[in-house]
Amino acid sequence: MQQYDIILIGGGIMGCSIARELSKYKLKIAVCEAAADVASGTTKANGGLIHAGDDPIPGTLKAFLNSKGCLMYPILSEKLGFRFHKRGSMVVGFTEDDLAVLKTLLERGRLNGAPDLELISGDRIFELEPETNRKAKYALYTPHTGIVDPFEVAIAFCENAVANGVQFHLSSPVTAIRKTDGGFAVTIPKGELNGKYIINCAGVHADDVARLAGADEFTIQARHGDLLVMDKNCGVKDVMTLYPIPKPDTKGVVLMSTVSGNILVGSTAVMMEKDDIASYREGIDELIAGANKLIERLDIRKVIRTFAGNRAVVVGNNNDFYIRPSQKVAGLFHVAGIQSPGIACAPAVAAYVVQMLKGCGVPMEEKKNFIDTRKAPVDFSSLSTEEQDELIHRNSAYGRIVCRCECVTEGEIIDAMHRNPQPTTVDAIKRRTRAGMGRCQSGFCQQKVLSIMAKELGCSPTEIELGAKGSQIVYSKLKEGC
Amino acid sequence: MNEFLFDVVVIGGGPAGMAAAIEARKNGASVALVERNPRLGGILLQCIHSGFGLKCFKQELTGPEYAQRFINQLDETDIQVFLSTMVLQITKDKKVVCMNEKGISVLNAKAVVLAMGCRERTRGEIKIPGDRCAGVLTAGLAQHYINIDNYCPGHKFVILGSGDIGLIMARRLSLEGMTVQGVYELMPYPNGLTRNIKNCLEDFGIPLHLSTTVTRVIGKNGRVAAVEVTKVDEKLQPVEGTSEIVPCDTLLLSVGLVPENELSSGAGVALSPRTHGAVVNDSLQTSVPGIFACGNVLHVHDLADNVTAEAQHAGACAAVFAKGGSREDGAAIAVNCEDPIGYTVPSTICSREKASVLFRVRRPVENARMVVTSEGNVLLQGKLRKYIPSIMEELVLPSAILQKAGSEITLQIESV
């Protein structure tokens, strides 16, 4: 039986960022993730916006953490080698009623500590973002709004945590939690893990995990959101993030340029079953209408992918985060109800959790040898021609293109296979290298990726899954002996 | 970085690229052919069915056999073939930047022939809602898995789209012992060649459901478990109450092909919103002087033989350009078309000798005739016949007509 000080349940952006923060201390830490890869739940299915902090209602935990988190991103991006683009944003208003909402947001933002907000009107809107719908009259301009690739960030946190001794147990759903003398015994498929403390950051399933531990103290419902991604050549490029006038429970259909240069539109907000992450026709239609309201000339035929995810809503918690020690089970801490702006808050949540643990008497002694940087993997397509040439001369695997749409080389796929934790699914490779994320949606590269992975993993392509358990791509050899 | 100089650089080693390269060399140009895969032949290599070569060789060949004829011809030339080489960029001044295991190279060209082919439309592009599980793939990818990789991508299939690849795959899957539940087509008519409907569906007892589409993918345990199919109305919108659940473990998509023009755009080549390929004149020259286009990167063909013929013309014209000549002996005549004609290639004609205009109708038209007018005068009238979208048509305009034409000609199809 493995013995840990702290077991985190859930390897999303929260589990990964908290694990990394805790790895600064002399603690033995495990993260249990049900899926085959980190960042496989809510983290992978959102826009990756680093909101500035003008939206949350003052006084809430969200409001307390949002602008702090936002301002932590530029430094983290440099240290951990993930992309962070400070693009700025506008909440776009068309009517006098909208103006009233923008004024409220401005006031909220100031109270929340979001710096440099500005209420603007007329031509200044189009100077800042010429693509904005010409009917726009007012806007709340926020220069600090950023954007990240949410799974890139989670993976960066995860890899850095691993470098600092955290153990990630992937494909490890927690099926039972038992109270022991020294803390808890947590059952995962490969056995029991012993931990003195548990941090429950299990996303939409955090209430189920709480119940397993005997702490039936909150209920989570899922707010489903559809999103869509457009071709890099859709005619609109590098736009400032544009928000519509928000609704009480959602920021509405936002349009943004991702760090990889795609237009992304998301998301809708409809309460649904927790595990329903299918995309819906009505949702996609709403996205298209919403996107065209922000940028009229957006050519919606250039959509390359639609997807969906669920945000965790703790019932009766005013849409706020639910981060607190369990009232029923000592040693259990909840990081639940994490919905937007979860990505933006993630680093601030991690720091907040450390303070919470200290406040509850968890012994925390800082390490001297904490590694606070992570070297980003090679991104061939972002290099200059000279750098590419040099790289190929060093290793010819970088001279073999695997994904032609995103210009991903065999060298990058092999690099990804050698990182820790090792990706084992095609989706995990996609999230690390972008192979399959382009306009052909893996039509040309999937079989190449499968064969490289099989070689690296020493298995047959028939064993490799797309993402979820049971999602093998090819079943068997058609004819034996060839 | 290595630098090279060629008269003509051809990009893509499929049927279009190979024919263009051979023809350019025959016309006296020094030629390089760049192919990203380790073998020449392009998609032909996975098309192991027959039906190729009837026009070119008066023989029925398989895809690999058809490709091999050109590979053999290439072997007898001094054309420099760059395999496993990916073109990263084409500049306006015709520098072709490419990479392979040896590093980055720049091929300086006097003329460039674009022959990159096309790609398949995907689930994302047509926005099929539902679960995003394993078991949804394009027909071409399934063809690769089965014919090249020797892997079984599914057991029980539903095919969406009646394009030729989908039809051919329906037969291929049946021959491999898999089940094809049915082929579903959004339009009220099939999109593939009539011979494929017969040989690939009817002969195998596979039902074709017209005016029906897949409206939801239903997954279970990570894999497709069924799809929801729904009838559509005249506006192609799903009709409520007509949905049906069809159990399957794989959804194959054959929902259209799109020319791959990302490199062309980068070179400043103007694209047609109708074909998604370059706008060309009758020398198949694009809006950038010295850059030519042919094959499926120009517009999607139904037969490889037609690709070959078009590419030979492009290769010859590119060689003439590289040598400082021109086949353009008059002011450009704009080629217009009216509905139901969807597009024409070329969109301008500069030669006064003879010009071939390729076009396709948007929907089937019975009892109709081709009428060519120029500035109100009728230049040509065809015989009454049927036109269908799955067949690309060719109209040859002789010198006499071109001499009579003004600054434009218009192609119409009139129903009687």
Side-chain angles (χ1 to χ4, degrees), chain A residues 226 228-229 231-233 276-284 288 301-308 385-386 388-390 392-393 396-401 404-405 407 409 426 439-444 446-447 450-451 461-462 465-479 482, chain B residues 1-2 36 38 84-86 88-89 97 99-106 119-135 137-138 140-141 144-155 176-177 215-223 238 249 253 258 260-262 265:
Chain A
D226 281 297
L228 60 83
V229 186
D231 192 324
K232 286 179 180 172
N233 289 346
D276 185 353
I277 51 162
S279 51
Y280 285 84
R281 189 165 177 238
E282 298 78 4
I284 297 166
I288 293 171
R301 286 170 305 180
K302 299 275 188 176
V303 171
I304 59 171
R305 183 156 178 97
T306 62
F307 62 103
T385 309
E386 290 72 23
Q388 289 175 335
D389 194 44
E390 196 197 309
I392 298 169
H393 282 117
S396 62
Y398 294 110
R400 292 190 285 272
I401 287 282
R404 55 163 98 161
C405 303
C407 198
T409 63
V426 171
R439 57 185 66 87
C440 94
Q441 286 289 297
S442 80
F444 285 116
Q446 191 185 68
Q447 35 87 19
L450 266 189
S451 95
T462 56
E465 291 162 333
L466 178 65
K469 200 167 163 23
S471 63
Q472 276 83 355
I473 290 166
V474 289
Y475 283 122
S476 57
K477 280 217 156 183
L478 267 178
K479 296 173 182 71
C482 13
Chain B
M1 261 185 286
N2 292 316
R36 62 187 145 212
S84 301
T85 303
M86 170 90 178
L88 297 172
Q89 195 199 354
V97 183
M99 62 174 277
N100 57 26
E101 289 183 5
K102 294 190 186 111
I104 308 277
S105 306
V106 179
R119 66 178 161 79
E120 299 176 278
R121 293 178 77 210
T122 65
R123 174 183 179 179
E125 217 166 329
I126 60 170
K127 310 177 195 78
I128 306 175
D131 295 312
R132 290 172 312 287
C133 39
L137 69 171
T138 58
L141 178 57
H144 197 287
Y145 277 133
I146 293 173
N147 293 349
I148 306 277
D149 304 321
N150 187 27
Y151 282 112
C152 164
H155 301 306
E176 287 294 342
T215 43
R216 190 159 57 107
V217 174
I218 301 162
K220 200 177 170 188
N221 301 327
R223 180 82 192 189
D249 63 20
L253 302 175
V258 194
E260 286 224 278
N261 272 296
E262 284 67 35
S265 305

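Residue numbers begin at 1 in each chain, while the letters A, B, ... track the order of the sequences.
Here the closest heavy-atom approach between residue I104(B) and residue D389(A) is recorded as N-OD1, 2.6 Å.
The part of M86(B) that comes within reach of chain A is its side chain, from C-beta onward, which places non-hydrogen atoms under 4.5 angstrom from that chain. Interface residue L466(A): only side-chain heavy atoms are found under 4.5 Å from chain B. Heavy-atom distances place the backbone of S442(A), and not its side chain, under 4.5 Å from chain B. Contacts of C407(A) with chain B are made by side-chain atoms alone, with heavy-atom separations under 4.5 Å and no backbone atom involved.
Rounding to the nearest 0.5 Å places CG of D131(B) at 12.5 Å from OG of S471(A). To the nearest 0.5 angstrom, H393(A) atom NE2 is 10.0 Å from K102(B) atom NZ. Considering CD1 of I401(A) and CZ of R36(B), their distance stands at 10.0 Å, rounded to 0.5 Å.
When side chains are defined from C-beta on, P238(B) counts as touching R281(A), because their heavy atoms get closer than 4.5 Å. Residues M1(B) and E386(A) meet the side-chain proximity criterion, which asks for heavy atoms closer than 4.5 Å. Residues Y145(B) and I473(A) meet the side-chain proximity criterion, which asks for heavy atoms closer than 4.5 Å.
In terms of heavy-atom pairs under 4.5 Å with chain A, the best-connected choice from R123(B), E120(B), Q89(B), E260(B) is E260(B).
In this structure, R223(B) contributes its side chain and G470(A) its backbone to no donor-acceptor pair below 3.5 Å.
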